[in-house]
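Just follow the structure's listing: the first ligand is 1, and inside any ligand the first atom is 1.
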Amino acid sequence: MTWEELELTCKNCTECPLHETRTNCVFGTGNRNAKLMFVGEAPGEKEDLSGIPFVGAAGKLLDKYLEAVGIDRNEVYIANILKCRPPKNRDPLPAEQDKCIGYLREQVRLIRPKIIVCLGRIAAMRLISPDYKITKEHGTFVDIKGFTMTAVFHPAALLRDPRRKEDMYTDMKKIKEYLDRE
Ligand code: URA
């Protein structure tokens with residue numbers, strides 16, 4: 001599939017009930033030749049309204065970390081496990097993830113990033129391991145099917161618990177150092 005076909009299919013998707021309540025399908029944004037790909041959980045209210053991932057409060061915090069460690073947001077690709085917003089931002093259901101994950105897989109296949117960074121527990125449990133423990137394992141790199149993968153705290157979790165902010169900075173610096181070596 002080409003990018004155009006994939007984006008069109010995703011935007012017209014009716015595979016799960018979330019299409020009934022979405023304003024926009026939030027397909028993904030950024031550099032389609034990115035070395036670094038971020039994967040979050042699902043669109044929130046601002047993302048649903050704009051069609052762009054990570055533009056709300058969590059996204060603004062992510063932008064601050066990118067800037068702090070010297071990563072240009074225009075150089076990376078950002079997507080989510082789910083492309084449509086779950087009502088009241090509840091956790092994505094396994095059935096919704098199963099219906100939606102194929103779009104992300106195609107995005108990864110087209111981009112072939114050097115490193116995939118999961119933003120938060122939901123993405124890490126889906127992409128790295130169902131047993132992933134973000135509090136213990138954040139910032140560690142693993143190789144899965146030829147991709148280097150890691151996870152960091154979700155920016156929304158940092159807004160709720162600022163004690164994790166130092167860990168986030170350390171992890172993001174490590175990611176930047178990895179990119180500089182590649
Ligand atoms: N949280 C996410 O996981 N993704 C977004 O796009 C916005 C908030």
task: Measure up the Tyr178 and Phe141 rings against each other and bin them: parallel (under 30°), tilted (30 to 60°), perpendicular (over 60°).
output: perpendicular
query: Salt bridge between Glu177 and Lys174, side-chain N to carboxylate O under 4.0 Å?
result: no
query: Quick one: does Phe54 get an N or O within less than 3.5 Å of an N or O on ligand 1?
result: yes
- prompt: What part of Glu47, side chain from CB on, backbone N/CA/C/O, both or neither, has a heavy atom under 4.0 Å from ligand 1?
  reply: side chain
- request: Could you tell me which atoms of ligand 1, counted from 1 in the order shown, lie closer than 4.0 angstrom to a heavy atom of Pro53?
  value: 6 (O)
message: Give me the nearest non-hydrogen protein atom to atom 2 (C) of ligand 1 as residue plus atom name, then the distance to 0.1 Å.
response: Ala42 O, 3.1 Å
- prompt: His154 near ligand 1, heavy-atom distance under 4.0 Å?
  reply: yes
field: Pro155, portion touching ligand 1 at heavy-atom distance under 4.0 Å
entry: neither
query: What heavy-atom pair brings Glu47 and Ile52 nearest, and what distance separates the two atoms?
result: CG-O, 3.1 Å
- prompt: Hey, which atoms in ligand 1 end up nearer than 4.0 Å to a heavy atom of Gly40?
  reply: 3 (O)
- request: Among Val108, Ile122, Ile116, Ile78, find the residue that satisfies the side-chain contact (heavy atoms from CB on, under 4.5 Å) test when tested with Val39.
  value: Ile116
task: Note the single closest protein heavy atom to atom 4 (N) of ligand 1, along with its residue, its atom name and the distance in Å.
output: Asn80 OD1, 2.8 Å
Aromatic ring pairing Trp3/Tyr77, orientation class (parallel under 30°, perpendicular over 60°, tilted between): tilted
query: Is it true that Asp171 and Arg164 have a side-chain N and a carboxylate O under 4.0 angstrom from each other?
result: no
query: With a 4.0 Å cut-off on heavy atoms, does Ala156 reach ligand 1?
result: no
field: Arg22 and Glu96 ion-paired at < 4.0 Å
entry: no
